Amino acid sequence: MKRIKPFVLAVLITSLLLHACSSETTAPPPPAATTDPAQQSGSENGHAGQQSEAPQEPSRQRKLEALKALIPDSVSKIPETTEEFYTQSPGRYAGILYGEKSEEIEEVLKQLPAIDNPDQETIELYYRALLGLFGEDYPDPQDIMEQMKLASFGSPEIDDPRFQFKEQYNVEILLDASGSMAANVNGQTKMEAAKKAIQAFAESLPEKANVALRVYGHEGSGKDSDKARSCKSSELVYQLQPYQAQGLSASMNQFKPTGWTPLALAMQQAQDDLSKFKGEKNTNIIYLVSDGIETCGGDPVAVAKQLGSSDITPIVNVVGFGVDGEGQKQLKEVAKAAGGRYVLIQDQSELEKELNRAREIADRWNAWKSDASHDALTKHISQSVDISEFAFDWKGIARNESYNLNSAIISLGYLKILPDSITDALSQIKEKQLDAALARADELEKFLDTLNDKSYKEAKEAIDKQFHANVKTN
């Protein structure tokens, strides 16, 4: 190895010393060990010594307030008694199955806040929030009274003059032709099902009975640009007259489900259709068939009240065709305002069954016109109203409600919205509520069975006594 000459070595040492001195005077000092980016940022903004905090999770109280805000005012408690079940307002997704709108529902479920270590009261708040979504519309005992009134049509026991035989018998059907009636039910659209049921009903009427068909929402489309046109569409496609097969069939072929839902307009014009047929000499029955709420800005409840108090004295039957909770609420209000009745149906067979009530009245009217004796017209309740169906329907509604609640609870766990400890507790409440609902149905069935051989007046008195002021009387 070669040695480095002394002169070269001296030059190298001097260069290194000069470079070191230069670095010490130009390099910035390293940041203090206690200083972090957040503190530096705070100092630059004039807030030295303050650290910016990460977003804090809402407090327990805030979460409780958020949970309570999701519970409708109408769901004040978990139902247990018969009255509490049938006075419960239907939830947002009442009348449908969870799977039909699962994606939408799961987005709604994500709004439920997760509260650590909830007590029993808080668990029940969660459950009431679910009832606000999935609570079903249980039948009111008053529904039995309305069916009995129809079945006892013409009986002197009924004080309501609308239910006495008159010279003429008229039925007008108001059919929703909005775009939602194109939805499929059991292999056919709601509109196709409705048309078939209406045709069968009209065909079954006595020769001298009159029938009319008005459709609404059948023009334009569901687009905002067509709303004005669609909301003005309400047409009497089959004039009030005795049934003519070809004429009614041709009338129903003129329209398809397409537009918006002008409920109020249709009822207002139906009153005009029947204005020449005063209630003194005419039995006027109106069937309003719809699968949703008013969407044209009208006030169907106000119009229904005017219709019900008019001099045509109609018997108004509001038929909800597979409507959701919001739709059921409005249609019930419409029926109540008109002094009529509301019924929920899901398919063609149920609509046919409902229209068949008007056909039975028409048959009784026809017999009255033919001078049949009073005894021939009077039937026991058991012959014309299947009272047992009331309890059967109640049980079916309870099971559908339990299915939807169970599906929601499973989703809450699967999507990790709520921990297993909460979903397990909710499942227990759900089972308890189902047991209570089925028990109430059994009690109702036993009671209603005692009405089978009673007259309208006797049955009415028995129901009034059983349910006291909870049942409205006429």
Side-chain angles (χ1 to χ4, degrees), residues 71-98 120 123-148 320 325 328-329 332 336 341-346 350 381-382 385-409 425-452 454 458-473:
I71 304 173
D73 293 338
S74 57
V75 187
S76 58
K77 64 170 298 184
I78 300 171
E80 296 180 53
T81 68
T82 301
E83 180 186 5
E84 288 169 352
F85 275 105
Y86 71 72
T87 56
Q88 169 184 277
S89 294
R92 179 174 173 179
Y93 297 106
I96 66 172
L97 292 178
Y98 186 94
Q120 186 61 28
I123 294 292
E124 291 182 2
L125 289 177
Y126 278 116
Y127 194 82
R128 285 167 53 198
L130 293 179
L131 284 178
L133 297 174
F134 307 107
E136 286 290 346
D137 185 19
Y138 286 81
D140 187 326
Q142 174 67 12
D143 297 343
I144 285 288
M145 294 306 308
E146 295 299 333
Q147 288 187 38
M148 288 179 179
Q328 290 190 54
K329 288 178 184 178
K332 275 188 166 185
K336 182 179 179 181
R341 53 189 287 270
Y342 168 77
V343 61
L344 174 66
I345 59 103
Q346 300 291 350
E350 292 183 1
I381 298 301
S382 60
V385 176
D386 189 354
I387 292 179
S388 64
E389 285 189 4
F390 185 89
F392 180 81
D393 290 344
W394 181 293
K395 290 181 179 180
I397 289 170
R399 291 191 175 99
N400 285 343
E401 179 182 73
S402 184
Y403 168 81
N404 286 338
L405 286 166
N406 188 59
S407 298
I409 292 169
L426 291 174
S427 292
Q428 292 177 11
I429 297 177
K430 184 262 302 179
E431 288 300 321
K432 183 179 179 181
Q433 184 191 342
L434 176 60
D435 290 343
L438 296 178
R440 300 296 86 77
D442 289 338
E443 293 167 2
L444 280 167
E445 187 170 21
K446 290 179 181 178
F447 166 70
L448 294 175
D449 280 345
T450 67
L451 307 182
N452 270 318
K454 295 183 182 297
E458 292 170 336
K460 177 177 178 294
E461 290 175 351
I463 289 180
D464 286 348
K465 182 178 180 180
Q466 178 75 12
F467 297 101
H468 304 291
N470 297 329
V471 176
K472 298 170 289 185
T473 58

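Computed from a predicted structure; not experimentally measured. Computed over heavy atoms, backbone and side chain alike; hydrogens, waters and symmetry mates excluded.
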**Q.** From K332 atom NZ to D140 atom CG, the distance as rounded to the nearest 0.5 Å
**A.** 7.5 Å

Q: Could you check if a side-chain atom of L130 sits within less than 4.5 angstrom of a side-chain atom of L426, using non-hydrogen atoms only?
A: yes

Q.
Once rounded to the nearest 0.5 Å, what's the spacing between atom CG of L97 and atom CZ of F134?
A. 11.5 Å

Q) Under 3.5 Å, side chain of R92 to main-chain N/O of G132, donor-acceptor pair present? A) no

Q: Could I get the full list of salt bridge (charged side-chain N to carboxylate O under 4.0 Å, His left out) partners for E458, not counting sequence neighbours?
A: none

(Q) Is there a side-chain contact (heavy atoms from CB on, under 4.5 Å) between L133 and N404? Walk through the geometry before answering. (A) CA-CA 9 Å; L133 297 174; N404 286 338; over 6 Å; no

**Q.** Closest non-hydrogen atom pair, M148 against A459
**A.** SD-CB, 3.4 Å

(Q) I need the K460 NZ to D464 CG distance, nearest 0.5 Å. (A) 4.5 Å

Q) Tell me, do P90 and K329 make a side-chain contact under 4.5 Å, heavy atoms counted? A) yes

Q) Salt bridge between K446 and E443, side-chain N to carboxylate O under 4.0 Å? A) no

Q: Please identify each residue that fulfils side-chain contact (heavy atoms from CB on, under 4.5 Å) with T81, with sequence neighbours left out.
A: E83, E84

**Q.** Closest approach of R128 to S76 (non-hydrogen atoms, all atoms of both residues)
**A.** CZ-O, 3.5 Å

Q: Output all residues satisfying side-chain contact (heavy atoms from CB on, under 4.5 Å) with I429, sequence neighbours left out; order by chain, then residue number.
A: I78, Q120, I123, E124, Y127

Q: State, yes or no, whether a side-chain contact exists between L405 and L131 at a heavy-atom distance under 4.5 Å.
A: yes

**Q.** Residue pair G95 / Q346: nearest heavy atoms and the distance that separates them
**A.** O-NE2, 3.6 Å

Q. Hey, what do you get for CG (L344) to CD (E136), rounding to the nearest 0.5 Å?
A. 8.5 Å

Q) Is any side-chain heavy atom of D137 less than 4.5 Å from a side-chain heavy atom of Y342? A) yes

Q.
Do R399 and L438 have side chains that approach each other closer than 4.5 Å (heavy atoms only, starting at C-beta)?
A. yes

Q) Where do I71 and V75 come nearest, in terms of heavy atoms and distance? A) CG2-O, 3.6 Å

Q. Nearest heavy-atom pair of A391 and E445: which atoms, and what distance?
A. CB-CB, 3.6 Å

(Q) One pair to check against side-chain contact (heavy atoms from CB on, under 4.5 Å): S402 and K430. What are the steps and the verdict? (A) CA-CA 7 Å; S402 184; K430 184 262 302 179; 3.1 Å; yes

Q) With a 4.5 Å heavy-atom cut-off, do D73 and S89 have their side chains touching? A) no

Q.
Among residues at least two apart in sequence or on other chains, which ones pass side-chain hydrogen bond (donor to acceptor under 3.5 Å, both in side chains) with Q88?
A. E401

Q | Pairing residues for Y138 by the ring-ring contact (aromatic ring centres under 6.0 Å, His included) criterion, not counting sequence neighbours | A | F85, W394

Q: Output all residues satisfying side-chain hydrogen bond (donor to acceptor under 3.5 Å, both in side chains) with D442, sequence neighbours left out; order by chain, then residue number.
A: K395

Q) Between OH of Y86 and CD1 of I397, what distance do you get to the nearest 0.5 Å? A) 14.5 Å

